[in-house]
Amino acid sequence: MDFLIGVSILFFVLDGGDSMNMSSTSTQFAPTRRMGIFEPFHHMSMWEDAFRGDIMPSVGACMVTPANDRADDKSGYTSSDQLIPSGSEDNQAGKSVSDKVQRRLAQNREAARKSRMRKKAYVQQLEKSNLKLAQLEMELERARQQGLYILGSNGNMGLSSTINPGIAAFEMEYSLWVEEQQKKNVELRNILQSHVSEVELQLLVETVLNHYYNLFRMKADAAKADVFYLISGMWRTSVERFFLWIGGFKPSELINIVMPQLEPLSDQQIVKICNLRHCCQQAEDALTQGMDKLQQTLAQNILTMTTGTGSYSSQMVSSMEKLEALEGFVNQADHLRQQTLQQLSLVLTTRQSARGLLAFGEYLQRLRALSSLWAARPREPT
């Protein structure tokens, strides 16, 4: 591909503890092909588990009778005279056949019990799936009734008859994420006002950080479904979109927001935080320049397209390949956000980290509240 986006992404490495040295601001390059920045989340498929139980039962449930046993069974049932005891040897043979029959019956009962358990689990999984599907349909119908506008297939803004299932799932997950974040803000506020141990406070800080990391994972999945939806900020409120940068907040702005809430800071902490903010700004500039370069190159390609049968198709394919780089930009931006949260938690004390997370969570909550007030403002009739 003749297109090459030279974007140098500054990724910083801060050593934990007092030995951390932030004086160096050397630039490191993140290859564009290394976009797999999140640890994989392994999901066990309930359908696979359910069918594995019925189609491929465990070895213990399978009754494989040896060939000599089958021969004994056949001889035992073809002639009733052989079951009549005629001495000690006949009694032993009869007992042997009887023991085999009992074992086989016990195995049959165990196999039937396991089969019933698998069938019951399978029915329960189906019921859960039907419930989730019904909830999803209700949410989609509610969105249609509220006038959710998305980009239609004809390119006009309007209510589309087809909705991207990946985006619909993301909207539901994000709505739950916002509700959970509000609960965590309350937990942080309460725990900071009470006398709790350092261990309890550290556990809550880690929980809140993981909550943000989960949002980045959700956004990575949404970018695969429709990266333009994510970059446009349709999933955020109107005021939040005003501060949008590549599908989220600027990491350097996060530092500016929380710093006043962290005082008093030691001189060493101030130096490290200032260096961290400088590193964030350099990485943000590099990503922004890369996005601008992509826009310019794509616009130039579209402008010079010819209407020839073969060349037009190949040029469209080339433009599509260039657009695929957008997903990488979103992932790199979220990676920078995640690294900023991690590095701040290393520089700050546990209580300072809790105060900073509370300040940032309340800031986002106020942006959403302002958006609601703006949407409900009185308007003069046109």
Side-chain angles (χ1 to χ4, degrees), residues 1-15 20-39 209 212-213 215-224 226-233 236 240-259 271-302 318-347 360:
M1 184 176 64
D2 58 350
F3 171 74
L4 179 62
I5 303 177
V7 48
S8 59
I9 310 301
L10 173 69
F11 286 106
F12 38 83
V13 179
L14 297 180
D15 296 329
M20 189 179 305
N21 185 6
M22 293 292 299
S23 60
S24 174
T25 59
S26 60
T27 303
Q28 298 180 359
F29 293 92
T32 56
R33 67 175 179 271
R34 294 185 57 191
M35 298 305 177
I37 58 178
F38 301 103
E39 295 181 0
L209 287 174
Y212 281 103
Y213 302 160
L215 174 61
F216 301 146
R217 190 268 308 166
M218 291 160 46
K219 289 173 63 182
D221 294 337
K224 295 177 181 178
D226 187 355
V227 67
F228 287 102
Y229 168 86
L230 200 65
I231 291 181
S232 66
R236 288 187 175 271
E240 286 179 304
R241 288 198 296 270
F242 181 67
F243 298 96
L244 197 67
W245 175 77
I246 314 184
F249 59 87
K250 275 190 173 183
S252 59
E253 291 181 358
L254 164 64
I255 298 176
N256 294 333
I257 292 168
V258 303
M259 271 200 70
V271 171
K272 291 177 180 179
I273 293 176
C274 290
N275 287 336
L276 176 60
R277 178 171 53 192
H278 178 68
C279 292
C280 289
Q281 290 171 344
Q282 286 186 324
E284 291 165 5
D285 291 342
L287 281 171
T288 301
Q289 292 173 8
M291 288 281 290
D292 293 341
K293 182 64 176 178
L294 175 61
Q295 289 179 349
Q296 296 172 5
T297 305
L298 187 61
Q300 186 66 25
N301 286 359
I302 294 175
S318 177
S319 298
M320 287 287 293
E321 292 176 351
K322 291 178 174 60
L323 288 177
E324 291 176 355
L326 286 175
E327 182 181 344
F329 280 106
V330 172
N331 290 340
Q332 290 281 17
D334 276 344
H335 185 48
L336 181 59
R337 297 180 185 105
Q338 179 171 340
Q339 288 294 315
T340 303
L341 289 171
Q342 289 178 346
Q343 298 303 323
L344 274 176
S345 66
L346 294 176
V347 174
F360 185 60

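This chain uses plain numbering: 1 for the first residue, then up along the sequence. What you see is a predicted model, and the numbers here were worked out from it, not measured in a lab.
From L215, atom CG reaches atom CD of Q338 across 10.5 Å, with rounding to the nearest 0.5 Å. To the nearest 0.5 Å, the span separating CE on M259 from CD1 on I273 amounts to 5.0 Å. For the atom pair CD1 of I246 and CG of L230, the computed distance is 11.0 Å after rounding to the nearest 0.5 Å. Rounded to the nearest 0.5 Å, atoms CG (D285) and CD (Q289) are 6.0 Å apart. Rounding to the nearest 0.5 Å places CG of L298 at 12.0 Å from CD of E321. Separation of atoms CD (Q295) and CG (L326) is listed at 8.5 Å; rounding is to 0.5 Å.
Using a 4.5 Å cut-off on side-chain heavy atoms (C-beta onward), H278 and Q282 make contact. Contact of the Q300 side chain with the Q296 side chain is not registered, since no non-hydrogen atoms from C-beta on lie closer than 4.5 Å. Side chains of W245 and L287 form a contact here, defined as non-hydrogen atoms less than 4.5 Å apart. With contacts defined as side-chain heavy-atom distances shorter than 4.5 Å, the pair F360/L344 does not qualify. At least one side-chain heavy atom of L254 sits under 4.5 Å from a side-chain heavy atom of L341.
The nearest pair of heavy atoms linking C280 to L336 is O-CD2, 4.2 Å. Residues V330 and A223 approach most closely at CG1-CB, 4.5 Å, considering heavy atoms. Considering all non-hydrogen atoms of both residues, T340 and L276 come closest at O-CD2, 4.3 Å.
Screening Y212, F249, Y213 for a side chain to side chain contact (heavy atoms under 4.5 Å, CB included) with R337, the sole residue that qualifies is F249. Of the residues listed (R277, E284, Q281), the one engaging S252 in a side chain to side chain donor-acceptor pair (under 3.5 Å) is E284, and it is the only one.
In this structure a side-chain-to-backbone donor-acceptor pair under 3.5 Å is missing from R241 to S232. With K219 contributing its side chain and G247 its backbone, the two residues share a donor-acceptor pair below 3.5 Å. At distances below 3.5 Å, not a single donor-acceptor pair connects side-chain atoms of T297 with backbone N or O atoms of L294.
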